[in-house]
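Report on one structure; see the data block that follows.
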There are 2 protein chains.
Amino acid sequence: MLSQTVEYALRAMVYLASAEEEVCPVDEVAEGTKVPPSYLSKVLQNLNRAGLVQSKRGLQGGYHLSKDPTETTILDVVNAVEPIERIHTCPLELKSHGTNLCPLHRRLDSAMAEVERAFGTTTLQELITDPSPSVPLCDFPCPKRSTGAE
Amino acid sequence: MLSQTVEYALRAMVYLASAEEEVCPVDEVAEGTKVPPSYLSKVLQNLNRAGLVQSKRGLQGGYHLSKDPTETTILDVVNAVEPIERIHTCPLELKSHGTNLCPLHRRLDSAMAEVERAFGTTTLQELITDPSPSVPLCDFPCPKRSTGAE
DNA sequence: TTTAAATCGGACATTCTTATCCAATTTAAA
DNA sequence: TTTAAATTGGATAAGAATGTCCGATTTAAA
């Protein structure tokens, strides 16, 4: 139900969140998240345009989050890539329905609303420092890159 | 987030539910639901294979529900056309995760679970006889077809 | 028996999603 | 200053979703 692209974007964001202080090149993120590198490149460009990540070109360049992981929710990422479409008017465009939705579309929309709510209340920070100890984090390794000084 | 095909299938099922006693030809359903007739034809064929509707070929033929509207939920329709994919194992296939999900995928899956729950608890019957009077039904007209005896 | 209304299935067209590749550009380090 | 690492944007391609068309078949009614 969520697109592949959304899945990739979320993985990348979680990866970058767990690598907070560093700048990560696409190829590293791609390896850590098992996303096709050339496609991930496009996804990250979109996230950049959406203002969720920042890029640094050239040697020692790459991507990093533009905000603190506490400031970005799952919903922010989803909406940046493929917005959740709420149903505001009857898709049949029946004149008899103003802004009212028929029972079917009211149900569909409230399911979407519930998803929005759930995604909107979880930040990247919560994902990387998870309260439940029984379930391990995705072990995004985020290898500390050589800084040249070690 | 839901595909166009799911939307069409749900409209058609609601239409047929509100036309319960009759057999409706594709063109009639298509007009009532504003779905492209030739595409709806394919959708109804799928719903037929999934056992949700029955078809009757030839003159005076068409489609009708195979079960009582109280017996079919929104989820049944969705799953017949484009099943909601629950996340059972980490999509990254990390060996360190057995059947455990990382925090990200646990959240995504529980959102899917919530949608499943919501869709699974609403029947077609509930959609056509809606409790809330303030919001009108989609006025699927379902014209009573001439029976030749009137 | 003929005719017309219907579904059925296959072939096809179009558009969107997913994915790849490469030349151009930027930039830090050697 | 040169080099290599990196993003950027464009072109392109494969596949899936969406949509159309038509001949074959079925079936009730005239």
Side-chain angles (χ1 to χ4, degrees), chain A residues 1-12 16 19 22-31 33-50 52-66 78 80-83 85 91 145-150, chain B residues 1-12 16 19 22-31 33-50 52-66 78 80-83 85 91 145-150:
Chain A
M1 211 154 92
L2 295 173
S3 74
Q4 196 66 20
T5 306
V6 165
E7 164 78 24
Y8 290 165
L10 286 168
R11 284 190 211 172
L16 292 176
E22 301 274 359
V23 166
C24 306
V26 169
D27 285 342
E28 180 197 309
V29 179
E31 188 171 9
T33 58
K34 298 200 180 174
V35 174
S38 52
Y39 191 60
L40 182 60
S41 170
K42 299 299 185 191
V43 174
L44 283 167
Q45 282 174 41
N46 286 333
L47 291 173
N48 184 19
R49 292 188 194 104
L52 295 187
V53 303
Q54 286 188 328
S55 66
K56 194 182 164 204
R57 297 180 69 166
L59 226 179
Q60 296 288 93
Y63 288 94
H64 61 97
L65 298 185
S66 36
V78 171
V81 165
E82 188 191 69
E85 292 178 25
R145 279 161 300 296
S146 152
T147 59
E150 57 189 64
Chain B
M1 209 154 92
L2 294 174
S3 74
Q4 197 66 19
T5 306
V6 165
E7 164 78 24
Y8 291 165
L10 286 168
R11 284 190 210 171
L16 292 176
E22 302 273 359
V23 165
C24 306
V26 170
D27 285 343
E28 179 196 311
V29 180
E31 189 172 6
T33 58
K34 298 199 180 176
V35 174
S38 51
Y39 191 60
L40 181 61
S41 170
K42 299 299 183 190
V43 174
L44 283 168
Q45 281 175 41
N46 286 333
L47 292 173
N48 184 20
R49 292 188 194 102
L52 294 188
V53 303
Q54 286 189 329
S55 66
K56 193 181 166 205
R57 297 180 69 167
L59 227 180
Q60 298 287 94
Y63 289 93
H64 61 97
L65 297 186
S66 38
V78 170
V81 164
E82 187 191 69
E85 291 177 26
R145 277 160 303 294
S146 151
T147 59
E150 58 189 64

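Order of the sequence lines sets the chain letters (A, B, ...), proteins ahead of strands, with each chain counted from 1. Computation of the quantities below employed the complete heavy-atom set of this structure, encompassing side-chain atoms and omitting hydrogens, waters and symmetry-equivalent molecules.
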Grab the CD-C1' distance between A/Glu28 and D/dA5 for me, whole Å please. 13 Å

To the nearest Å, how far apart are B/Gln45 CD and C/dT7 P? 9 Å

Using purine N1 to pyrimidine N3 plus N6-O4 or O6-N4 for Watson-Crick, or N1-O2 and O6-N3 for G-U wobble, each under 3.5 Å, what pairs with C/dT2? D/dA29

Map B/Gly62 and A/Leu59 onto DNA chain C by nearest heavy atom, then report which one ends up closer to the 5' terminus. B/Gly62

From CG of B/Leu47 over to P of C/dC8, roughly how many Å is that when rounded to an integer? 11 Å

NA contact type, B/Asp27, heavy-atom cut-off 4.0 Å: base, sugar-phosphate, or nothing? nothing

B/Gly58 near the nucleic acid: base, sugar-phosphate alone, or nothing, with a heavy-atom cut-off under 4.0 Å? base

Tabulated below should be each protein N or O lying under 3.5 Å from an N or O of nucleotides 18-24 of chain C; please produce it.
from   : atom 1 : to      : atom 2 : distance (Å)
C/dT18 : OP1    : A/Gln4  : N      : 3.0
C/dT18 : OP2    : A/Thr5  : OG1    : 2.4
C/dA19 : OP1    : A/Tyr8  : OH     : 3.2
C/dA19 : OP2    : A/Tyr8  : OH     : 3.1
C/dT20 : OP2    : A/Ser38 : OG     : 3.4

Report the distance from atom CD of A/Glu31 to atom P of D/dA6, rounded to the nearest whole Å. 13 Å

Roughly, in whole Å, what's the span from CD in B/Glu85 to P in D/dA16? 13 Å

The criterion is side chain to side chain contact (heavy atoms under 4.5 Å, CB included); which residues satisfy it with A/Ser41, sequence neighbours excluded? A/Val26, A/Gln45

Take atom NE2 of A/His64 and atom P of D/dA6, then tell me their distance rounded to the nearest Å. 15 Å

Measure from CD on B/Glu7 to C1' on D/dA17 and round the result to the nearest Å. 15 Å

